[in-house]
Amino acid sequence: MAGALIHMKLAVMRRDISGPRSSWVFGGALVGLLLAVATIDVATLNATHDSTVRDLLAVVFAVWTLGWMLGPAYSGQPVLRGEQFQLQPIPRRRLALGLLGSAFVGVTAPVTFVAFTALVAFGIRLGAVPVVVAVPAVFLQLLFVVLLSRLTAHLFGALSRSRIGGAVSALLNAAMLVASSSCWVVFIAVHSVLTTGFSHGFSITVRSLPSSWGVLAVEAASRSDWPMTVLPLLGLALLTALLWVAWTRSLGPARWTRATVRGSGADRAAPGGRLSSGATAAVYVKEMRTWARDPQRMQSFVVAPAFAVLTCLVPLAFHSTEFLPFLGALTALMGAVTAANLYGQDGTALWLTVLMPGSERADVRGRQLAWLTVFAPMTVVLTAVGVAVGGHPELRPWALASTVALLGGGAGLLPLVAVTQLAPGPDPREIRNAPLDHSDVTGQAFVMMIMALGTAVPAMATVLAGQLLHEPALRWAGLVAGAATAVVCYALLGRAAHRALARRGPELLYLMRTGKEQRGKAGEGATFIQAMPAYRRRLFWSSFLVGCIALFPQALVPLLMKVSGKVSRVWFLALYMPNAWQWPVIALMSVIGLGSFALAARIGLSELHAQRS
């Protein structure tokens with residue numbers, strides 16, 4: 001049984017490696033190996049206190065364990081699940097053994113095994129006996145995290161397609177986005193910990209976690225403390241056995257929650273009434289009810305403010321409050337990015353619009369108004385809170401102008417990007433809450449982010465001109481420029497969107513009906529990014545990534561700090577330079593960022609032109 005399931009898993013992996021997701025597989029494997037090597041390097045660090053390396057390694061193992069626990073919330077259910085074999089005459093324990101064996105086939109388990117060999121490296125620095133103890137500890141710890149992941153996968157599977165599941169998945173997704181974009185904090189924290197060590201309370205807490213028991217056993221072996229060597233390993237083995245029993249009993253269909261049913265009668269008092277007499281108002285009411293009921297929309301609703309708040313709280317660790325006034329601007333930006341696939345989320349329900357010629361304008365305007373209704377109030381509130389708490393009066397024109405511009409720009413770009421860059425995926429009745437079970441909206445999200453930031457350029461340029469000319473009135477004129485840009489984007493981009501929808505409606509419906517199997521093939525169902533040769537696609541995304549890093553954290557953030565007068569060097573290259581070189585370095589980073597974006601745009605436009613010709 002185990003051999004058959006392992007062969008099935010290998011067949012799925014061969015398809016992933018040769019399919020459109022191959023870049024994600026190889027990229028994830030490379031990043032995982034780098035993190036595993038970094039974990040081994042932690043075990044070889046030198047610290048002021050002898051116990052610091054032990055505690056630091058325990059923290060790193062806790063992070064790996066947390067990653068295995070939360071991974072199913074992002075990647076979705078495993079490829080092979082117990083309910084798929086529900087009609088087969090297979091004993092539950094035999095099925096569990098087979099599924100457990102298949103769980104070790106793939107990228108994540110071998111990479112984690114490499115990371116956990118840090119226990120062996122830690123034992124080498126302590127003596128021969130700790131190395132012998134570290135070997136079984138590595139295998140026990142790997143088995144522990146795999147079983148823990150399978151049990152949490154069952155939990156998230158039970159929550160999938162529910163509103164609670166959507167909110168939980170959104171919070172985890174926002175936390176992962178912030179952690180990946182703020183990973184530079186780790187290097188600063190490690191440098192500080194190696195000098196000062198952890199507090200006594202934190203050290204006791206982290207050592208009590210099961211993920212740390214292998215480290216405790218190895219360290220106890222170096223002291224010849226045999227009871228404390230054996231007890232953590234026995235405890236880890238017992239906990240693993242309990243996880244095995246719980247997971248074996250949980251095999252089968254998840255029955256812990258009821259799936260959300262669109263159109264349930266509980267929300268009949270939702271927005272409507274007299275407003276639903278017109279076509280645009282009817283679409284608006286339908287969209288508001290969808291925002292209130294759909295788990296996918298719930299994720300967009302939660303991710304945007306959660307990402308904004310967490311991103312602005314990270315600099316507080318360095319006593320920097322410069323980002324707080326931009327809470328609302330980040331919320332508006334992420335609200336547009338996460339909701340950019342509105343038509344793709346609706347699935348083949350697009351045929352309702354296609355079969356009613358002339359309804360495209362009302363459909364687009366209703367969606368725009370609904371998005372503004374959902375995100376504008378929270379954006380305004382978060383901006384007011386950020387301005388009040390963060391202070392920095394000199395940043396208020398920047399924050400207010402960018403917030404207004406991004407709200408209007410997001411409302412205008414939302415339907416246009418959703419139509420021109422539609423990412424097909426499962427119909428809503430088949431959707432799950434894990435982001436990797438949704439449409440592949442990576443390219444669409446990047447396009448939306450760049451275009452939305454572009455709508456804030458006129459307002460930011462006006463504020464910058466006022467700053468450089470020392471004209472307060474011109475700085476506040478940026479708010480007027482942002483409002484004008486918002487109105488123009490809402491009107492003109494919305495008109496372009498409903499015209500594109502009228503022109504491409506049947507083509508988009510066909511694209512939605514073809515499903516995932518047709519997305520990666522060149523032809524009628526492929527986007528210009530999917531139709532690129534592999535080397536040009538890698539160059540496109542590399543240029544985009546370099547542009548994001550150079551322009552935003554290395555150019556705009558130091559610029560705002562210099563303007564505000566409150567500088568926190570953190571990882572910003574320009575701020576480590578002598579004063580005379582800081583502005584030139586900021587200018588250089590801006591040129592590199594804009595040049596990288598220009599290269600990515602040129603590649604994209606040339607491929608788009610080649611595909612249409």
From the options Gln368, Arg367, Arg365, select the one residue that forms a side-chain contact (heavy atoms from CB on, under 4.5 Å) with Pro415.
Gln368

How far apart are the C-alpha atoms of Ser402 and Phe326, what are their side-chain angles, what is the distance that settles it, and do they pass the side chain to side chain contact (heavy atoms under 4.5 Å, CB included) test?
CA-CA 8 Å; Ser402 60; Phe326 297 91; 4.0 Å; yes

Specify the closest pair of heavy atoms between Val387 and Arg396, including all atoms of both residues, with the distance to one decimal.
CG1-NE, 3.3 Å

One should read off an interatomic distance between Gln467 CD and Thr462 OG1, to the nearest 0.5 angstrom, of 13.0 Å

Check each of Val404, Thr403, Leu407 against Thr383 using the side-chain contact (heavy atoms from CB on, under 4.5 Å) test, and report the only one that passes.
Thr403

Please name the pair of heavy atoms, one in Val283 and one in Asp363, separated by the smallest distance, quoted to 0.1 Å.
CG1-O, 3.5 Å

Could you check, using the six-membered ring where one of them is a Trp, whether Trp291 and Phe375 have ring centers closer than 6.0 angstrom?
yes

Please evaluate residues Met288 and Val374 with respect to the criterion side chain to side chain contact (heavy atoms under 4.5 Å, CB included), reporting the C-alpha separation (whole Å), side-chain torsions for both, the decisive distance (0.1 Å), and the verdict.
CA-CA 8 Å; Met288 291 303 297; Val374 170; 4.2 Å; yes

Cys312 side, atom SG; Leu382 side, atom CG - distance, nearest 0.5 Å:
9.0 Å

For the residue pair Thr373 / Tyr284, report whether a side-chain donor-acceptor contact shorter than 3.5 Å exists.
yes

In the structure I gave you, are the side-chain heavy atoms of Pro325 and Trp398 within less than 4.5 Å of one another anywhere?
no

Taking every heavy atom of Pro458 against every heavy atom of Thr485, the minimum-distance pair comes out as CB-OG1, 3.9 Å

Within-4.5 Å side-chain heavy-atom neighbours: Arg495 and His498
yes

Any idea which heavy atoms bring Leu599 and Ser543 closest together, and the distance?
CD2-OG, 3.2 Å

CG/Leu559 to CG/Leu464 distance, rounded to the nearest 0.5 angstrom?
6.5 Å

If only atom types and distance count, is the side chain of Ser596 paired as donor or acceptor with the main-chain N or O of Val546 below 3.5 Å?
no

Is it true that Glu394 and Arg475 make a salt bridge, defined as a side-chain N closer than 4.0 Å to a carboxylate O?
no

Can you name the closest pair of heavy atoms from Ala405 and Ala459 and give their distance?
CB-CB, 4.4 Å

Can you confirm whether Tyr343 sits close enough to Leu508 that some side-chain heavy atom of one is under 4.5 Å from a side-chain heavy atom of the other?
no

Please report the closest heavy-atom contact between Ala308 and Leu330, naming both atoms and the distance.
CB-CB, 3.7 Å

What's the verdict on side chain to side chain contact (heavy atoms under 4.5 Å, CB included) for Thr331 and Leu406, showing C-alpha distance, side-chain angles and the deciding distance?
CA-CA 9 Å; Thr331 301; Leu406 287 171; over 6 Å; no

To the nearest 0.5 Å, what is the distance between CG on Leu414 and CE on Met448?
5.0 Å

Does any part of the side chain of Glu287, heavy atoms only, come nearer than 4.5 Å to the side chain of Trp371, both counted from C-beta?
no

Given side chain to side chain contact (heavy atoms under 4.5 Å, CB included), test Thr311 with Phe323 step by step and report yes or no.
CA-CA 8 Å; Thr311 300; Phe323 289 86; 5.7 Å; no

Cys489 and Leu413, any side-chain heavy atoms less than 4.5 Å apart:
no

Note, Gln554 side chain near Ile586 side chain (heavy atom, < 4.5 Å)
no

Min side-chain heavy-atom separation Val302-Met298 under 4.5 Å:
yes

To the nearest 0.5 Å, tell me how far Ser300 OG sits from Met334 CE.
9.0 Å

Does any non-hydrogen side-chain atom of Leu369 lie less than 4.5 Å from one of Tyr490?
yes

CE-CG distance between Met589 and Leu551, expressed to the nearest 0.5 angstrom
11.0 Å

Report the C-alpha separation of Glu360 and Arg499 in whole Å, then their side-chain angles, then the decisive distance to 0.1 Å, and conclude whether the salt bridge (Lys or Arg N to Asp or Glu O under 4.0 Å) test is met.
CA-CA 7 Å; Glu360 293 84 6; Arg499 289 180 176 179; over 6 Å; no

